[in-house]
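So the structure is just underneath, and the comments pick up after that.
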Amino acid sequence: MCCLKTLITYFLLLVFVAAAAVIGYGVGKYYDNAQLINKLDVIESPEATVIYAANKDENGNDIIIDRIYKEDRTNVDLAVIPAHLKNATISVEDKRFYEHKGIDFIGMFRALAKNFSAHSMAQGGSTITMQLARNLKLGFGSEKTIDRKVQEVLVAFQLERQLSKDKILESYLNRIYYGNGAFGVQAAAKTYFNRDVKDLTLPQCAFLAGLPKAPSYYAKNNVKAKERRNVVLRLMNEQGYISEAEYENAVSSEMNLKITRTKSKSGKYQHFVNYLIKELGERFDEDEIYNGGLRIYSTLDTRIQDHAEKVFYGRNEPLKKRYPRIESCMVSIQPGNGFIRAMIGSIDRHSEFNRATQAKRQPGSVFKIVDYCCAMEKLGWGPSTRISNERFRQGKWYPKNFDGRYGGTVSMREAVARSINLPAIRAAERAGIENVVNLAKRMGIDTPIEPVLAAAIGGMGGIKPIEMLMPYTVVANNGILQRATTIDRVYDADKKNIYIDNHTPKKAVRVIGEDVSRNMDSMLRSVVTSGTGRQVSSVKNARAKTGTNGMYDVWFAGYVPGVLTAIVWIGSDDYSKLPGYFSGGGSCGPIWRDYMNGVLGYMDGYIDKEALKSVKIEDATEPGKRKYRGDDYRSGSSSRVTDAPIIDEKPPAESGGGGEPAETAPPAETKPAEPAEPELSHDDVTAVL
């Protein structure tokens, strides 16, 4: 008997300890989850970020160019959601939603009975509040276990204590998964019916309400979808939410699903969007970018971008079929504010590698703009300054001119227009190659450049095309640098609070003097009127520079002052040589020309001259020897010879070699008729080191 009492005592003690442990565990979990739920960002549903174009559609509406998300979701207020959708959801998921305190004991016991008879956990008995608790992702998983169910109950009690029924229903409808990548009712309405949730009909509401049970099963075909929809409609009728007439009319309607999937980071403008996401990463963390519901007004104009693609692919795709290794890119920037208006990163429309912002290529003679700006800044030279064109050697380096002509002197204007190598090298040497490299950085080239003389004609590790365009945007903006950006404005999900506002520039940096900028602008105009850029002379007020690097890279960079800049590059990813008749002017120039002629009219609404006058300018220019005033940049005349310094060095004896031979165009009859080859152009060649 004594032993029996002892056993009973130990048994009761064990039961007490177990019960205490369970209660303690429950209280602890309740407390932990309560602390989490007190954070509003846990309750609020994560939302997709939407990116808009700079322009609007023909009806004056915003144009969405992409959505970025981890879960495709757009939150909406409960008041916006149709009553039919709310009622349908309650009918099929939790008919006593407005009566219980988070737990429907009747429904739970019914589910337990069915599970016991079926020897499984087939029925969950979860209320809407419990399902929301599970979707808050508080770390207790989604498997059908007793532990998970206990935690759902505890969190459900906490939600009911802290939130109103309407807030719980709103959060549920914005969080639940409806299949095909759609989270929440707004995304689901767009995915299945391509309309806003507020515009859904009764049959459509019933269909969506029935999806969460098994979205991949019910959304596969119209027959299954209609069967599930009609089950929901019957429940709505039985519970008094719709009349018999409404029910009969709804169940007889056809079920025509046409799924519209929204995609993230793989849309039409993927290179631009990916670059924008990278820029966002400098201001926001990953969760804010993908789940924060940001509303981003980008700088991309779809009219400009679409025309750029038409010209770019129209010219390049036929060439790529003939020469598969060829690649190309282009980018276009508004100089007054740095807004990127168009960007194409590859001839391959599906390539993830954006050559405009990721590839580092030797720039050839498009870099000479920095040499000459530095010479004007440091030495006081101008367009009429005459520079020696005699050959010279530096160690094993023996640079050449493209046309093979040497001797005497040429004006700086002529050297720029004809893209002659040796005067550019001498200008950089006199100004100091370290000063040239420093100026390149001030003008927006962030890639480090080794201060060797060969860099004067593009002999360097490589520069990203978007960076190589920056010095041209500086000159196009009268010597003022505005950093390139993809972002106009960034708002919160309600478009009430603004996080970033680049719409009206507030400050900028003057990196070269106005006199230097105007003289450089004048010389770049000569490239178009009488030099290697004559292919683009049909573009009104065009300024430009061509570039070729040993037949591995060909370039064309230029602008219309104060309006728009653009750069085009053609080369190969594996650095194989281009066909001999490719050149900056002849290959890239026509793309640049056709692009500019097609888009300049769209820029009229973007140029706010009054706003630009109020921009605060920081002066980052460096002192030089003197200001050059001998050239009339307004007339573009270079006939006047001044007392500016003249370099006239004697070359060493010609022996040895190592330069890249000049490019030669093949005979006309050897050119294939289809596809059309680039238009011929004399251009420069950067010497091989």
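Worth saying up front: this structure is predicted, and the values here are computed from it rather than measured. The figures here come from the full heavy-atom set of this structure, side chains too, leaving out hydrogens, waters and symmetry mates.
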Find the distance between [atom1] ([X]) and [atom2] ([Y]) and round it off to the nearest 0.5 Å.
X	Y	atom1	atom2	result
I387	E414	CD1	CD	10.5 Å
D488	D501	CG	CG	7.0 Å
Y269	Q305	OH	CD	6.5 Å
I51	T486	CD1	OG1	8.0 Å
S351	Q270	OG	CD	7.5 Å
N389	R405	CG	CZ	10.5 Å

If you take all heavy atoms of [X] and [Y], which pair is closest and at what distance?
X	Y	value
L481	R442	CD2-O, 3.4 Å
V437	I449	CG1-O, 3.5 Å
Y575	K360	OH-O, 3.3 Å
M551	F582	CE-O, 3.1 Å
V490	I487	CG2-CG2, 3.5 Å

Could you tabulate the donor-acceptor pairs under 3.5 Å formed by side-chain atoms of residues 450-473, not counting sequence neighbours?
{"from": "E467", "atom 1": "OE1", "to": "T447", "atom 2": "OG1", "distance (Å)": "2.5"}
{"from": "E467", "atom 1": "OE2", "to": "D446", "atom 2": "N", "distance (Å)": "3.2"}
{"from": "E467", "atom 1": "OE2", "to": "T447", "atom 2": "N", "distance (Å)": "3.3"}
{"from": "E467", "atom 1": "OE2", "to": "T447", "atom 2": "OG1", "distance (Å)": "3.4"}
{"from": "Y472", "atom 1": "OH", "to": "V366", "atom 2": "O", "distance (Å)": "2.6"}
{"from": "T473", "atom 1": "OG1", "to": "M470", "atom 2": "O", "distance (Å)": "2.6"}

Just by distance, do the side chain of [X] and the backbone of [Y] share a donor-acceptor pair under 3.5 Å?
X	Y	value
S537	V528	no
R355	F353	yes
T385	G382	yes
E327	I347	yes

Starting from the C-alpha separation in whole Å, work towards a yes-or-no answer on salt bridge (Lys or Arg N to Asp or Glu O under 4.0 Å) for R303 and D301. CA-CA 5 Å; R303 301 165 301 178; D301 186 304; 2.7 Å; yes
In terms of side-chain heavy atoms, does [X] have a donor or acceptor partner in [Y] at a distance below 3.5 Å?
X	Y	result
D348	S346	no
R543	S522	no
N519	Y372	no

So which pairs with a foot in residues 498-543 pass ring-ring contact (aromatic ring centres under 6.0 Å, His included), sequence neighbours left out?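 Found F284-Y499.
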Any chance you could lay out the salt bridge (Lys or Arg N to Asp or Glu O under 4.0 Å) test for D306 and K268, step after step, and finish with the verdict? CA-CA 10 Å; D306 290 348; K268 183 178 180 181; 3.1 Å; yes
Do E309 and I344 pass the side-chain contact (heavy atoms from CB on, under 4.5 Å) test, and can you show the C-alpha distance, the side-chain angles, and the key distance before you say yes or no? CA-CA 7 Å; E309 292 182 6; I344 306 172; 3.8 Å; yes
Going through the checks in order, is the salt bridge (Lys or Arg N to Asp or Glu O under 4.0 Å) test met by R315 and D594? CA-CA 10 Å; R315 290 241 175 213; D594 295 348; 3.2 Å; yes
Mind running side-chain hydrogen bond (donor to acceptor under 3.5 Å, both in side chains) on S298 and Y52 for me, showing each step along the way? CA-CA 6 Å; S298 75; Y52 301 98; over 6 Å; no
Counting heavy atoms not belonging to Y313, are there more than 12 under 6.0 Å from its OH?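 Above 12, so yes.
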When you look at NZ of K310, are more than 12 heavy atoms from neighbouring residues, nucleotides or ligands closer to it than 6.0 Å?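 Open: at most 12 neighbouring heavy atoms sit under 6.0 Å from NZ of K310.
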Among L300, D62, I63, exactly one meets side-chain contact (heavy atoms from CB on, under 4.5 Å) together with N55. Which residue is that? I63
Would R391 and Y406 count as a cation-pi pair here, with the cationic atom under 6.0 angstrom from the ring centre and within 45° of the axis? yes
So is R489 actually on top of Y297's ring, under 6.0 Å and inside 45° of the axis? no
Please, which pairs that meet salt bridge (charged side-chain N to carboxylate O under 4.0 Å, His left out) have at least one residue in residues 550-559, sequence neighbours excluded?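 Counting only pairs at least two positions apart or across chains, the salt bridge (charged side-chain N to carboxylate O under 4.0 Å, His left out) contacts touching residues 550-559 are R361-D553.
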Can you confirm whether M412 sits close enough to S384 that some side-chain heavy atom of one is under 4.5 Å from a side-chain heavy atom of the other? no
Does any part of the side chain of T357, heavy atoms only, come nearer than 4.5 Å to the side chain of N354, both counted from C-beta?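 Side-chain contact under 4.5 Å: yes.
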